[in-house]
Amino acid sequence: MDDLTVERVLRVVEAIPPGRVAAYGEVGAVVGVGPRLVGRILRTWGSGVPWWRVTNASGDHPLLGRALPHWETEGITVKRNGLGCRMAEFGADLEQLRAESAPSLAELDEI
């Protein structure tokens, strides 16, 4: 995988607003890659971005124990099954995420 793809994913994750989450597939849709690649990038290079704001499509988080302090600070609550949050309540608006990340992604296109 190339450095540009990694940087694009990380910049989109940085654009997810506090108190909101986006699914791996949504981040991937903005960047043009698949959800598994987004997960792999976050696992390897995501420690410097708000990784806790990226969940699966159901709002479940694979590292919920580590994400919880961040979620509590941002007002994201855990759904009844204890695995994550409700996407209907805390999911980021995909069009807004595209718009918010567009300037940062455009900078990379100029390099």
Euclidean distance, Ile41 CD1 relative to Arg36 CZ, rounded to 0.5 Å: 14.5 Å
Shared hydrophobic cluster, Trp45 / Val27 (ILVMFWY, side-chain heavy atoms < 4.5 Å): yes
CG-CD distance between Asp93 and Glu26, expressed to the nearest 0.5 angstrom: 9.5 Å
CG-CE distance between Asn56 and Met87, expressed to the nearest 0.5 angstrom: 8.0 Å
Heavy-atom pair with the smallest gap, counting every atom of Ala92 and Pro17: CB-CD, 4.4 Å
Arg11 side, atom CZ; Leu108 side, atom CG - distance, nearest 0.5 Å: 4.0 Å
Electrostatic pair Arg98:Glu95 at N-O distance under 4.0 angstrom: yes
Check: Pro50 and Val13 side chains under 4.5 Å, non-hydrogen atoms: yes
Distance (rounded to the nearest 0.5 Å) between Asp3 CG and Leu10 CG: 10.5 Å
Partners passing side-chain contact (heavy atoms from CB on, under 4.5 Å) against Val78 (at least two apart in sequence or in another chain): Leu64, Leu68, Trp71
Spatial distance of atom CG (Asp109) from atom CG (Leu4) [nearest 0.5 Å]: 7.0 Å
Ionic contact status for Lys79 with Asp60, cut-off 4.0 Å: yes
Given Val12, Val9, Ile16, Val49, the one that forms side-chain contact (heavy atoms from CB on, under 4.5 Å) with Val54: Ile16
Heavy-atom pair with the smallest gap, counting every atom of Ser101 and Ala15: CB-CB, 3.8 Å
All side chain to side chain donor-acceptor pair (under 3.5 Å) counterparts of Glu74, not counting sequence neighbours: Trp52, Arg53
Over all atoms of both residues, closest heavy-atom pair of Pro62 and Tyr24: CG-OH, 3.4 Å
Closest non-hydrogen atom pair, Gly46 against Trp51: O-CD1, 3.5 Å
4.5 Å side-chain heavy-atom contact, Ile76 and Val21: yes
Test side chain to side chain donor-acceptor pair (under 3.5 Å) applied to Thr5 - qualifying residues, sequence neighbours left out: Asp2
